[in-house]
2 protein chains.
Amino acid sequence: MVDSLTASKIITVAEEMLQIQGYNAFSYRDLSKRIGIKTSSIHYHFPTKADLVQAVMNHYHDVFLEKLDELNKESSAEKKVMAYAQMFVDTFKKGGRICLCASLASDLDGLPEQVREQVGQFVLIHEDWLSEVLQEGINNGEFYKCKNLRQNARNIFHTFEGAMLVARTSSVDRIEDARQWVLILLKP
Amino acid sequence: MVDSLTASKIITVAEEMLQIQGYNAFSYRDLSKRIGIKTSSIHYHFPTKADLVQAVMNHYHDVFLEKLDELNKESSAEKKVMAYAQMFVDTFKKGGRICLCASLASDLDGLPEQVREQVGQFVLIHEDWLSEVLQEGINNGEFYKCKNLRQNARNIFHTFEGAMLVARTSSVDRIEDARQWVLILLKP
DNA sequence: GTCTATACCTCGATAGAC
DNA sequence: GTCTATCGAGGTATAGAC
């Protein structure tokens, strides 16, 4: 958990900047201007950039797990997948944000080791959840039976990550497209 | 075309660095060390970073069009799609490179306008080519008939772009997975 | 906790000798 | 065409007053 309102605000804005500009493009200076606080004050809360990104990732992680809990309340596997896909649509609508996971993956090379591991973990959470929902859908006849369930889950995840990235380059609604496409793939 | 061996070498190395580190993470200094030439000499060939990235993009573009010509010589739509997919596999095998298009898209925010347009153009080339091949495959009975062909093409492209990005975070062979997956989707 | 001030680095870019 | 030298801006980070 975050221990102050200021720290919380920093995380919120840093998260946005990470998702839009990326790790190497955002700076303590930009951050300080957006928040209305000096860079030294940000260093007080998060001594290094690595500390800050880790905190952002932890927060993102926690919020995402809560969302998955919400999603799990949906009454069918189809509704779960559609609500999952809607998260990507909503994220992109907020100023062209992409998944933090994709944003950090594109700058993975220059990231502190600990953050790299966090990103890897985050990917697995997506895959695990999607695999479960796909299995559920197959079990109750909503979805086609498929040979390699986890491969399916991975590729659906990849489609959304790729769609968000590419969506920035054109006016086409690629994420909504992906959302509809996935359903066509899964349903008999 | 490129007018000197040095300029050509710069483009080659810059391309690699862009694909692995991204636009904001690579610098003239890193580049100069790799090539064994001073930064001022690089500026002689490419006055600004925008000029350099444009040249890299143009080169990448040209090479890609040549590859598509090669691909078009394949004897079936299935072989074309598989050879297309193999390009992504090969790219990633070269030190974890991702598609230049995806790399630049992730830093699109800070890119010069002209480069942004180049990236958009590049996406369209992928889509157009894939759409054509899908149509060809449907026409000759290799592939399922599908409702929205271009949507299909887009999502296949997104899957590869996403797979490359995410592949960096784990040891799973996500791109080869995507390659196999696409065939399963298309073939009756 | 936030500020001012500053240290030290790297960045892209330019001037001018060779 | 490549070099040395340098500039100004912006980057992360720290010390110390308040």
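Naming: A, B, ... by sequence-line order, numbering from 1 per chain. Excluded from the calculations below are hydrogen atoms, water molecules and symmetry mates; all remaining heavy atoms, backbone and side chain alike, are included.
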Q) What pairs of residues pass the side-chain hydrogen bond (donor to acceptor under 3.5 Å, both in side chains) test when at least one of them lies in residues 36-50 of chain A, not counting sequence neighbours? A) A:T48-A:D51
Q) How many Å lie between OH on A:Y44 and C1' on D:dA15, as a whole number? A) 15 Å
Q: Please report, rounded to the nearest Å, how far the P atom of D:dG1 is from the CD1 atom of B:I37.
A: 10 Å
Q: Return the set of residues passing side-chain contact (heavy atoms from CB on, under 4.5 Å) with B:E16 (not counting sequence neighbours), or none when no residue passes.
A: B:I20, B:R34, B:R97
Pairwise N/O distances under 3.5 Å, protein to nucleotides 16-18 of chain C:
none

Q. Which pairs count as salt bridge (charged side-chain N to carboxylate O under 4.0 Å, His left out) when at least one residue sits in residues 110-121 of chain A, sequence neighbours excluded?
A. A:E113-A:R116
Q.
What is the distance, to the nearest angstrom, from the CG atom on A:L5 to the P atom on C:dG1?
A. 10 Å
Q | Option from A:I138, A:V133, A:L134 for which side chain to side chain contact (heavy atoms under 4.5 Å, CB included) with A:L186 holds | A | A:L134
(Q) Tell me every residue that passes side-chain contact (heavy atoms from CB on, under 4.5 Å) with B:Q114, counting only those two or more places apart in sequence or in another chain. (A) B:Q54
Protein N or O to nucleotides 9-12 of chain C N or O, pairs below 3.5 Å:
residue: C:dC11; atom: OP1; partner: B:S27; partner atom: OG; Å: 2.9
residue: C:dC11; atom: OP2; partner: B:R29; partner atom: NE; Å: 3.2
residue: C:dG12; atom: OP1; partner: B:K49; partner atom: NZ; Å: 3.1
residue: C:dG12; atom: OP2; partner: B:Y28; partner atom: N; Å: 2.9

Q.
Run the side-chain contact (heavy atoms from CB on, under 4.5 Å) test against A:L185 and tell me which residues pass, sequence neighbours left out.
A. A:W181, B:W181, B:L185
Q.
Between C1' on D:dG11 and CD on A:Q21, what's the gap in Å once rounded to a whole number?
A. 14 Å
Q: Using the side-chain hydrogen bond (donor to acceptor under 3.5 Å, both in side chains) rule, collect all pairs that involve residues 160-173 of chain A, keeping only residues at least two apart or in two chains.
A: A:S170-A:R174
Q | Under the side-chain contact (heavy atoms from CB on, under 4.5 Å) test, residues paired with A:N139 that sit two or more places apart | A | A:Q135
**Q.** Contact under 4.0 Å: A:T6 side-chain N or O vs C:dT2 OP1/OP2
**A.** yes
Q) Rounded to whole angstrom units, what separation is found between the NE2 atom of A:H45 and the C1' atom of D:dT14? A) 16 Å
Q: Grab the CD1-P distance between A:I42 and C:dT4 for me, whole Å please.
A: 14 Å
